[in-house]
Amino acid sequence: LLPLTDVDEYLGVGYDDTISGREVADNFAEHARHVGAVLMKGKVNSIRIQGAFKRVHSTGGNFWARAVIIATGAAQRELKIQGVEQFLNKGIRYGAQVDAQIYAGRRVCVVGSGDEAMHAAIFLGQHAKHVTVLCPDDNPTAEPLLVQRAIGHKVRILPGTKVVAVKGGETLDYMFFVEKGIPEEQGLPIDAMVIALGPAPKTPIPGLERLPQENGYFAHGEGGKTMFGGIYVAGDCTNLEIRTRMSVVAGGSLCAKRLWQWLASNPLPKVK
């Protein structure tokens with residue numbers, strides 16, 4: 001949710017006045033606390049199965065659990081071309097979730113074809129001088145409504161374009177691309193670039209390498225069940241066919257239900 005500026009594809013949210021992804025996430029967190037969940041910050045370093053328990057080692061401490069749900073999400077798909085690493089955070093960013101003022105009056109391009117790219121373009125279109133979306137695909141793969149909104153914010157969309165290089169001095173100055181049907185390389189002066197190519201699988205947390213994967217995402221049975229009793233997977237870290245908030249929430253809800261049933265049917269042995 002955090003990388004998104006507005007949320008409008010979740011039932012009951014943003015149908016009139018849009019709400020930011022951060023606000024939605026904060027509301028979810030507050031609701032979870034209200035019903036008794038304890039939220040802790042920290043990086044999980046490993047998960048090990050030890051008998052009837054799972055040992056979670058993290059920067060916030062070590063924890064023991066009967067069951068664990070893995071919902072680590074997905075990473076950003078990288079744009080691997082000349083110059084990206086050189087200008088990362090010097091004009092190039094992955095995602096547009098930063099202070100809008102840094103884009104005010106600037107020439108910005110967005111690289112991507114999907115919903116994430118259009119959300120970024122709509123956000124940028126409210127602040128930047130010019131916004132151009134370079135779609136690697138022949139046509140945008142985003143929801144048509146998002147494409148229409150982007151065009152309504154005076155966003156220019158160039159389908160069938162491949163970015164080949166970025167150049168500049170201390171900061172980003174130019175972007176070079178090839179457009180389908182035009183053999184000559186074209187250059188575009190820009191002040192900033194937002195890369196929004198969609199999700200990519202993350203490296204599994206140590207201890208979970210043996211979980212079956214499909215294209216880098218966790219494969220699973222009904223309700224997120226894995227080959228290890230008491231370990232379930234949910235959300236964008238799994239091999240979802242459709243990645244929307246509705247589908248992720250539905251999958252997570254079923255996962256929690258199946259985990260609860262597993263706990264009830266696998267009680268700890270009584271100590272004699």
Please say yes or no: joined through hydrophobic side-chain contacts below 4.5 Å, possibly via intermediate residues, are [X] and [Y] part of one cluster?
{"X": "L268", "Y": "L263", "value": "no"}
{"X": "M175", "Y": "L79", "value": "yes"}
{"X": "I102", "Y": "V108", "value": "yes"}
{"X": "V164", "Y": "V111", "value": "no"}
{"X": "F53", "Y": "F228", "value": "no"}

Sub-3.5 Å donor-acceptor pair from the side chain of [X] to the main-chain atoms of [Y], do we have one?
{"X": "T226", "Y": "Y232", "answer": "no"}
{"X": "R66", "Y": "P267", "answer": "no"}
{"X": "E209", "Y": "G207", "answer": "yes"}
{"X": "S265", "Y": "Q261", "answer": "yes"}

Point to revise | Qualifying residue, where the test is side-chain contact (heavy atoms from CB on, under 4.5 Å) with K180 and the options are L158, D138, T161 | key: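 Single side-chain contact (heavy atoms from CB on, under 4.5 Å) partner of K180 among L158, D138, T161: D138.
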
Working to the nearest 0.5 angstrom, can you tell me the gap between [X] [atom1] and [Y] [atom2]?
{"X": "W262", "Y": "I231", "atom1": "CH2", "atom2": "CD1", "value": "9.0 Å"}
{"X": "I190", "Y": "F87", "atom1": "CD1", "atom2": "CZ", "value": "10.0 Å"}
{"X": "R93", "Y": "N89", "atom1": "CZ", "atom2": "CG", "value": "5.5 Å"}
{"X": "R258", "Y": "H220", "atom1": "CZ", "atom2": "NE2", "value": "13.0 Å"}
{"X": "K202", "Y": "Q76", "atom1": "NZ", "atom2": "CD", "value": "10.0 Å"}
{"X": "H153", "Y": "M118", "atom1": "NE2", "atom2": "CE", "value": "13.5 Å"}

If you compare all heavy atoms of [X] against all heavy atoms of [Y], which two are closest, and at what distance to 0.1 Å?
{"X": "V110", "Y": "A120", "answer": "CG1-CB, 4.4 Å"}
{"X": "I195", "Y": "R77", "answer": "CG2-O, 4.2 Å"}
{"X": "C255", "Y": "V233", "answer": "SG-O, 3.9 Å"}
{"X": "D115", "Y": "E143", "answer": "OD1-N, 2.9 Å"}
{"X": "L172", "Y": "G91", "answer": "CD2-O, 3.8 Å"}
{"X": "V166", "Y": "V84", "answer": "CG2-N, 3.7 Å"}

Point to revise | By salt bridge (Lys or Arg N to Asp or Glu O under 4.0 Å) - contacts of R33 (at least two apart) | key: E30

[X] versus [Y]: any side-chain heavy-atom pair under 4.5 Å?
{"X": "I157", "Y": "P140", "value": "yes"}
{"X": "C109", "Y": "V163", "value": "no"}
{"X": "Y217", "Y": "D236", "value": "no"}
{"X": "R48", "Y": "K54", "value": "no"}
{"X": "K129", "Y": "R106", "value": "no"}
{"X": "R55", "Y": "I47", "value": "no"}

Practice item. Kindly confirm or rule out a cation-pi arrangement of K167 over F176, judged by NZ or CZ under 6.0 Å from the six-membered ring centre and within 45° of its axis? Key: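 So K167 does make the cation-pi contact.
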
Practice item. Evaluate the side-chain contact (heavy atoms from CB on, under 4.5 Å) criterion for residues L240 and V248: first the C-alpha distance (whole Å), next the side-chain angles of each, then the deciding distance (0.1 Å), finally the verdict. Key: CA-CA 8 Å; L240 291 170; V248 167; 3.7 Å; yes

Point to revise | CA sep, side-chain torsions, deciding dist, call: I70, F218, side-chain contact (heavy atoms from CB on, under 4.5 Å) | key: CA-CA 10 Å; I70 309 301; F218 290 128; 4.0 Å; yes

Practice item. Using a strict 4.0 Å threshold on nitrogen-to-oxygen distance, state whether K90 and E170 make a salt bridge. Key: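 Looking at K90 and E170, the cut-off is not met.
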
Review point. side-chain contact (heavy atoms from CB on, under 4.5 Å) between H57 and V44: does it pass, once the steps are laid out?
Key: CA-CA 6 Å; H57 180 265; V44 176; over 6 Å; no

Point to revise | Pairs involving residues 124-146, ordered by first then second residue, that meet ring-ring contact (aromatic ring centres under 6.0 Å, His included) (sequence neighbours left out) | key: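 Output for this query lists F123-H127.
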
Practice item. Assess whether side-chain contact (heavy atoms from CB on, under 4.5 Å) is satisfied between F63 and S58, documenting all intermediate values. Key: CA-CA 8 Å; F63 304 92; S58 78; 3.6 Å; yes

